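For clarity, every value in this text was computed on a predicted model and none was experimentally measured.
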Amino acid sequence: MKDTEIPRAVAAAVDTAAEYGLGADDAAVLHNSNRIAVRLRPCGILARVAPLAHRPDFEVELVRRLAGTGSPVAGLDPRAEPRVHLRDGFAVTLWTYYEPTAAPEDHPPAAYADALARLHAGLRRINLAAPHSTAPHTGLRRVDHAAPHFTDRVADALRVVEDLAVSPDLGAAERALLTDTLHGISRAILDRGPRQQLLHGEPHPGNLLATADGPLFIDLETACRGPVEFDLAHAPEDVAAHYPDADPGLLADCRILSLALAVSWRWDRDDQLPDGRRRGREWLAQLRADLDRREHAPGGGH
């Protein structure tokens, strides 16, 4: 979110909490990307504020359903209606704030893997493809469509790297490398015929909170369908050793694909990740190294 929009976005968060009698004498922005996360005190709320173009009805409905499965997810604040609130041109959602008990890089691999496996089990228990209507008083919108497929994410990335107007600073060689990788690796994954299900989409360490209630996943706005290895590819490598029945070859390809996706977003002219271009160059070098290892692996990586 642009710096000039942040004061209004914070005010929208404070005013939305006030609707429920939840006082916020202090509001601190904890994170800023396509939306901001604001800690409100003393009411103990984490408000997420996004432009209306990123209205998170899908995420709210997904988390609401997961709450009924005992899945390890951070939930919406029970003192407010479980819906997207529209205020001053922003979409505001109110979540329970959890005080972190450890840094993201300090998640024990076994606990990380167990939390991810339990999340996947919960996601298998809900069916977003089925029509669902909520009680009128909740204000939640009907969710009648299936979650996007991971290949939809690939298509979005290809629109960035193939359009010079969207990624004007991306060199020709890098553009060709990313295009070939996104097409080729996604096809290699599908050719393996993996079992697919609903996924978190980006369960990297920054989206897993260490809390007094155990590890809890956040930010399910990127939920999609695909093999569990696509999710596992976003976790540190030592987590995979503790995840049951992961396919090593499929996981290796999913790691390459997730890295190619991340690199692609960094060249979007509208990318708002802090220091994103520098990270993109570093990840591009890593991508080349990973592709080289895959090419020289027994069987050519297939």
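The existence of a salt bridge linking Arg35 and Glu59 is confirmed by a sub-4.0 Å separation between a basic side-chain nitrogen and an acidic carboxylate oxygen. With salt bridges taken as basic N to acidic carboxylate O contacts below 4.0 Å, none links Asp271 and Arg277. Contact check on Asp114 versus Arg118 returns a salt bridge, with a Lys/Arg side-chain nitrogen under 4.0 Å from an Asp/Glu carboxylate oxygen. Ion pairing between Asp169 and Arg269 fails under the 4.0 Å rule for side-chain N and carboxylate O. Between Arg48 and Glu221 there is no salt bridge, since none of the side-chain N atoms of the basic residue sits less than 4.0 Å from a carboxylate O of the acidic one. Between Arg159 and Asp163 there is no salt bridge, since no side-chain nitrogen of the basic residue lies less than 4.0 Å from a carboxylate oxygen of the acidic one. Classification of Glu282 and Arg279 as a salt-bridged pair fails, no side-chain N sitting under 4.0 Å from a carboxylate O.
Other residues, nucleotides and ligands place no more than 12 heavy atoms under 6.0 Å from the CZ atom of Arg195. The local environment of CG in Asp245 is sparse, with at most 12 non-hydrogen atoms from other residues, nucleotides or ligands closer than 6.0 Å. The environment of Glu237 atom CD is sparse: at most 12 non-hydrogen atoms of other residues, nucleotides or ligands sit within 6.0 angstrom.
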Subject >> From CA spacing to verdict: salt bridge (charged side-chain N to carboxylate O under 4.0 Å, His left out), Asp26, Arg39 >> reply: CA-CA 8 Å; Asp26 179 64; Arg39 181 183 182 183; over 6 Å; no
**OP:** Please lay out, stage by stage, how Leu76 and Trp95 fare under the test side-chain contact (heavy atoms from CB on, under 4.5 Å).
**Re:** CA-CA 4 Å; Leu76 295 153; Trp95 305 78; 3.7 Å; yes
**OP:** Walk me through it: do Leu291 and Leu177 pass the test side-chain contact (heavy atoms from CB on, under 4.5 Å)?
**Re:** CA-CA 10 Å; Leu291 288 168; Leu177 175 67; 3.7 Å; yes
Original post:
Under the salt bridge (charged side-chain N to carboxylate O under 4.0 Å, His left out) criterion, do Arg153 and Glu202 qualify, and how do the steps go?
Top reply: CA-CA 11 Å; Arg153 300 263 293 277; Glu202 289 186 356; 3.2 Å; yes
**OP:** Give the intermediate values and the outcome of salt bridge (charged side-chain N to carboxylate O under 4.0 Å, His left out) for residues Arg8 and Glu5.
**Re:** CA-CA 6 Å; Arg8 282 198 309 114; Glu5 297 177 327; 5.0 Å; no
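Connection of Leu66 to Leu94 is not established within any shared hydrophobic cluster, with ILVMFWY side chains joined at heavy-atom distances below 4.5 Å, either directly or through further cluster members. Following chains of ILVMFWY side-chain contacts shorter than 4.5 Å, one cannot reach Leu220 starting from Ile218, and the two form parts of different hydrophobic clusters.
No side-chain donor from either of Arg225 and Gln196 sits under 3.5 Å from a side-chain acceptor of the other. Between the side chains of His204 and Asn207, at least one donor N or O lies within less than 3.5 Å of an accepting N or O.
Checked by atom type and distance alone, the side chain of Ser167 never pairs as donor or acceptor with a backbone atom of Leu164 at under 3.5 Å. Judged by distance alone, the side chain of Ser71 and the main-chain N or O of Val73 form no donor-acceptor pair under 3.5 Å. No donor-acceptor pair closer than 3.5 Å links the side chain of Asp253 to the backbone N or O of Ile185. Looking only at distances, a side-chain donor or acceptor of Arg266 sits under 3.5 Å from a matching main-chain atom of Ala262.
Rounded to the nearest 0.5 Å, atoms CZ (Arg124) and CD1 (Ile126) are 11.5 Å apart. With rounding to the nearest 0.5 Å, the separation of CG in Leu119 from CG in Leu208 is 9.5 Å. Distance check: Tyr97 OH to Ile45 CD1 gives 13.0 Å after rounding to the nearest 0.5 Å. Going from atom OG1 of Thr181 over to atom CG of Leu261 covers 10.5 Å, rounded to the nearest 0.5 Å.
Residues Arg55 and Leu86 are in side-chain contact: their nearest non-hydrogen atoms beyond the backbone lie under 4.5 Å apart.
Phe230 and Phe150 have tilted rings, their planes meeting at an angle from 30° to 60° on a 0 to 90° scale.
When each of His120, Gln197, His200 is tested with Asp231 by the rule side chain to side chain donor-acceptor pair (under 3.5 Å), just one qualifies, namely His120.
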